[in-house]
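Every chain is numbered from 1 and lettered A, B, ... according to where its sequence line falls, protein lines coming before strand lines.
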Amino acid sequence: DAMVIQNPRYQVTQFGKPVTLSCSQTLNHNVMYWYQQKSSQAPKLLFHYYDKDFNNEADTPDNFQSRRPNTSFCFLDIRSPGLGDAAMYLCATGTPVGGTQYFGPGTRLLVL
Amino acid sequence: GDSVTQMEGPVTLSEEAFLTINCTYTATGYPSLFWYVQYPGEGLQLLLKATKADDKGSNKGFEATYRKETTSFHLEKGSVQVSDSAVYFCALSDLSGANSKLTFGKGITLSVRP
């Protein structure tokens, strides 16, 4: 089945220690998105790629970076995680037309 | 800018009760409208969608109709089950740019009692 995969499902890191979350897709979609979701809140878009074009949201902290080496994979790098970065991180994919986004299961990040 | 407003929650119902979750939107163009469901500890799953006025999306017994005149997309189900307990997000898609973004409502938690 075509899908969006996120690894790991749970990630524990230490305050200030860089961490990378990964996302892969078999849907062959042009667009990949990264969201941050805190408890009892809606997902908040951090950035997205349209093919290799990177689009950062205006209020995304510089601490968050992303890489997309090819169509299938996209990474979220948190350079110096703070306690406030503990959250669920959701990857999604989509096409430029239509608007539907398909989400992965998420990675829950815990910062100690 | 675009926005989505969902009714305040949480909502608690008994099994087999009728469900309505209200959603209204503000948008400058002609957005597509979505309902996503999130089960505990999971990502968002697309529940249903509608892409133009008067379209009805439906899935798993849930329905919602795109009402342009009232800018609404209310979610309904005739008989809820315990397994429907989850968080429900209404969203719209801004198609004005080269690639689309979703604007979400705040979400509402539904709990269904046996």
Side-chain angles (χ1 to χ4, degrees), chain A residues 1-7 9-10 21 23 25 27 29-60 68 87-110, chain B residues 1-11 21 23 25 27 29-52 55 57 59 66 73 86-111:
Chain A
D1 285 344
M3 59 176 60
V4 182
I5 302 162
Q6 290 188 246
N7 286 307
R9 294 294 308 275
Y10 299 92
L21 309 181
C23 176
Q25 57 139 339
L27 297 161
H29 285 162
N30 298 93
V31 193
M32 294 187 78
Y33 305 83
W34 278 105
Y35 290 87
Q36 179 192 65
Q37 186 181 28
K38 296 192 173 179
S39 183
S40 303
Q41 296 183 20
K44 179 180 180 298
L45 182 64
L46 296 173
F47 26 59
H48 71 279
Y49 275 94
Y50 180 9
D51 292 329
K52 288 193 174 293
D53 292 334
F54 178 71
N55 299 270
N56 199 30
E57 293 301 297
D59 57 354
T60 297
R68 189 179 186 186
M88 174 78 92
Y89 289 88
L90 297 167
C91 175
T93 72
T95 60
V97 179
T100 304
Q101 292 185 20
Y102 300 87
F103 286 80
T107 294
R108 183 164 295 282
L109 178 68
L110 181 61
Chain B
D2 296 344
S3 67
V4 175
T5 302
Q6 290 185 236
M7 60 185 276
E8 294 287 326
V11 172
I21 301 178
C23 172
Y25 68 91
Y30 300 94
S32 292
L33 301 174
F34 305 86
W35 278 100
Y36 281 88
V37 58
Q38 186 173 32
Y39 298 100
E42 298 293 325
L44 275 68
Q45 298 178 23
L46 177 66
L47 182 59
L48 54 83
K49 69 176 184 180
T51 57
K52 61 184 186 297
D55 268 3
N59 186 25
Y66 190 144
F73 193 55
V87 180
Y88 291 81
F89 291 97
C90 184
L92 68 81
S93 177
D94 163 24
L95 300 176
S96 60
N99 38 74
S100 62
K101 298 181 183 180
L102 287 175
T103 299
F104 287 97
K106 290 185 175 181
I108 186 169
T109 299
L110 171 66
S111 298

If you round to the nearest 0.5 Å, how far is NZ of B:Lys101 from CG of A:Leu45? 6.0 Å
Whatever's closer than 4.5 Å to a heavy atom in chain B on A:Gln37 counts as side chain
Please report the shortest heavy-atom distance between B:Phe89 and A:Gln41, naming the atom on each side. CZ-O, 3.8 Å
B:Gln45 versus chain A, heavy atoms under 4.5 Å apart: side chain, backbone, both or neither? neither
Search all heavy atoms of B:Ser93 against all heavy atoms of A:Gly99 and return the closest pair with its distance. OG-CA, 3.2 Å
What is the minimum heavy-atom distance between A:Phe103 and B:Leu44, and which atoms define it? CB-O, 3.2 Å
Within a radius of less than 6.0 Å around NZ of A:Lys44, do more than 12 heavy atoms belonging to other residues, nucleotides or ligands occur? yes
Other residues, nucleotides, ligands: >12 heavy atoms within 6.0 Å of A:Lys38 NZ: yes
Sort B:Leu46 into side chain, backbone, both or neither according to what part of it lies under 4.5 angstrom from a heavy atom of chain A. side chain
Of the backbone (N, CA, C, O) and the side chain (C-beta and beyond), which part of B:Tyr36 lies under 4.5 Å from a heavy atom of chain A, both, or neither? side chain
Taking the side chain as every heavy atom from C-beta outward, state whether B:Glu42 and A:Arg9 have any atom pair closer than 4.5 Å. yes
Would you check if B:Phe34 and A:Gln101 make a side-chain contact, meaning some heavy-atom pair closer than 4.5 Å? no
B:Lys49, part contacting chain A, at a heavy-atom distance under 4.5 Å: side chain
